[in-house]
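Working notes, beginning with the structure itself.
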Amino acid sequence: MKMKYQKPKGTADILPPYSNEWQFVEKNARETFALYNYDEIRTPIFESFEVFSRSAGDTSDIVTKEMYDFDDKGGRHIALRPEGTAGVVRAFVENKLYGPEHQKPVKVYYMGPMFRYERPQSGRLREFHQIGVEAFGSVSPKMDVETIAMAMDFLKKVKVTGLKLVINTLGDKESRDNYRQALIDYLEPHYDELSDDSKERLHKNPLRVLDSKDKNDQKFVADAPEILDYLTDNAREHFESVKNQLEALGIEYIVDSTMVRGLDYYNHTIFEIMVANSPLGKGEVTICAGGRYNGLVEELGGPEVPGVGFGLGVERLLLLLNEETQDMLQTKQLDFYVVGIGDAVQNETLKIVHELRQMGFATEQDYLDRKPKAQFKSADKLNAKFVVTVGESEMNDHVFKLKNMMTGDEQTIALKEIRTLKDLLK
Ligand code: ATP
Ligand code: MG
C-alpha cells in the first residue's frame, strides 16, 4: 500500500487562488508601512532558545507551553520563533543598528511564519503568520501613536470593519513595582481558589494573573486594583499624551485597565485591535497586539534603547476579509494565449511565447499536444485578453493571427512587427 502523507497538525497549505488573498494583504501592508517610512527586516526563523525565553519571560504561555524547541545536532538549544520581536531585537543588537550611522528611529517591519504548540482551531494554528513592525530609539508618545495609527490604516485599507482599539498602560518600572505589590496583596487572600497557573504566577509575575483565561480567576480579576492608580507622574503623562494624540488623529479607543498582554517585555502603552462579531466566534477576536518595550534591547545585551511595535495575525485577518475586499482582488487575467496548429509550428509558437514574455506580457501556451479547439478552450478558461494563432501557412508567410477576445476583432500581423504589440496593453 502507498503511504499517505498529511501535513502536520495545526499547519495549512496555502493554495491558489487563495494565495492571492495573502499577496493582497502583504502588498497592502508593505504599501502602508512604506508611507510611514518603515523598511523590511528579515531574520532567521529559528534562534537560540534563550532569545525567546529571555524576552518573553519565563512565566509566559509562549515559553512555558508553546515553544517548538529542540537540541540540534551540535547540541545547541534552538527554538522556532513563536513571535517576531525577540529576533528583531537580537538582530538590532548584534548588528549594532543603534550605532550613529543609522538614522533614528530605526523603523522596520517583517512578515512570516511563527510557531506555537497550541490546540489548533479556527484562527489558531501551530504554524501561523504575523506581520509586525518595530521602531527603535524614541521614547516619544508620538511613536506609540504612529504605530497604532499605522496598524489601523492598514486594516482599513484591506477593508476590515468593526475595528475596536483597546489601550492600556503598564507604566514604568516604578509604577509596575508598586502595582505588583498591590496585586499580590489583593490576590494572596484568594490563593487557594486560584488556578494552578495563577498560583505559580502570583509571586513570579502577578500581572500575568490578570491575563488568565480561567473563568474562576477572572472573577478575582474583575475587582483587582487598577494599574492606572499606581502610575508615576512620568508614566501618567506619557499615557495622557498617547490618548490626546489618538484623539487629535480622530482614532477612537477604549481604555481597559485589566489588559496586560501575554509577553513580559512591555511597559507604558500596550494595545490590541479587536474585531467585533467576527466569523471566528460570537465574541471579539484580537487580530493585532503590541506596545512599548523600553527594556528589551538591554535585556538582550544591547544599550538602553526604547522600542515600540505590534504583531498582527495574518490568518485571523484573512478570515475577516469581506466582499468589499474580494472585489479589490483583481481577477487574474492572462495577456496572451498562443495557439499552435500542427506539429510543424512548435518552435515558432515557442519563440513567440518567449518574445511576448520578454515584452512583459503574461503568456501561456499548450504543453499537452492538444488540438486547436482544446487550446482555444484553455485560452478562454485562463481569461486571456488576446489569442495568437499560428498554423503552417502563417509560419510560412512569417505572420501570426491576433484575436482580441473582448471585441472579437481579428487581424494578421507580420512576425517582425511583434514588438508593436507593446502598445496593445499599457
Ligand atoms: P491569544 O490570546 O489569542 O493566544 P496572543 O496574546 O498569544 O493571542 P500575540 O502573541 O499577541 O497573541 O500575537 C499577536 C497576534 O498573532 C494575535 O492577535 C493573533 O492574531 C495572532 N496569533 C497568535 N497566536 C496565534 C496562533 N496560534 N494562530 C494564529 N494566529 C495567532
Ligand atoms: Mg496565545
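In listed order, ligands and their atoms are each counted from 1. In this chain, numbering begins with 1 at the start of the sequence shown.
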field: Per-atom contacts, ligand 1 versus Ala289 - under 4.0 Å to a heavy atom
entry: 11 (O)

message: Centre-to-centre under 6.0 Å for Phe386 and Phe336, is that the case here?
response: yes

field: Spatial distance of atom CD1 (Ile273) from atom CG (Leu317) [nearest 0.5 Å]
entry: 10.5 Å

- prompt: Say you draw a straight line from CG of Leu319 to CD1 of Ile287; how long is it, rounded to the nearest 0.5 Å?
  reply: 10.5 Å

message: Polar contacts were defined as any N/O atom of the residue lying under 3.5 Å from an N/O atom of the ligand; does this apply to Phe128 and ligand 1?
response: no

- prompt: What part of Ile287 sits under 4.0 Å from ligand 1 if we count only heavy atoms: the side chain, the backbone, both or neither?
  reply: backbone

message: Under a 4.0 Å threshold between the charged nitrogen and the carboxylate oxygen, would Arg81 count as salt-bridged to Glu47?
response: no

message: Between Thr363 (side chain only) and Phe361 (backbone N and O only), is there a donor and an acceptor less than 3.5 Å apart?
response: yes

Close N or O approach (Glu315, ligand 1; < 3.5 Å): no

message: List ligand 1 atoms under 4.0 Å from Leu125, heavy atoms only on the residue side.
response: 26 (C), 27 (N), 28 (N), 29 (C)

query: Which of the listed options, Arg126, Glu127, Arg124, holds the heavy atom that is closest to atom 4 (O) of ligand 1?
result: Arg124

query: Charged N to carboxylate O under 4.0 angstrom, Glu94 versus Arg90?
result: yes

Lys213 and ligand 1 - part of the residue with a heavy-atom distance under 4.0 Å: side chain

- prompt: Under a 4.0 Å heavy-atom limit, does Gln130 contact ligand 1 with its side chain, its backbone, both, or neither?
  reply: side chain

query: Hey, looking at atom 5 (P) of ligand 1, which of Glu118, Arg116, Arg119, Glu83 has the closest heavy atom?
result: Arg116

task: Determine whether Met143 and Lys107 make a side-chain contact, defined as any pair of heavy atoms from C-beta on separated by less than 4.5 Å.
output: yes

message: Closer than 3.5 angstrom, by distance alone: can the side chain of Asp211 be matched with the main-chain N or O of Val260 as a donor-acceptor pair?
response: no

message: Only heavy atoms of Thr286, strictly under 4.0 Å: list the atoms of ligand 1 that pass.
response: 18 (O), 19 (C), 20 (O)

task: Nearest heavy atom to atom 29 (C) of ligand 1 wins, so pick from Ser122, Gly123, Ser60, Gly313.
output: Gly123

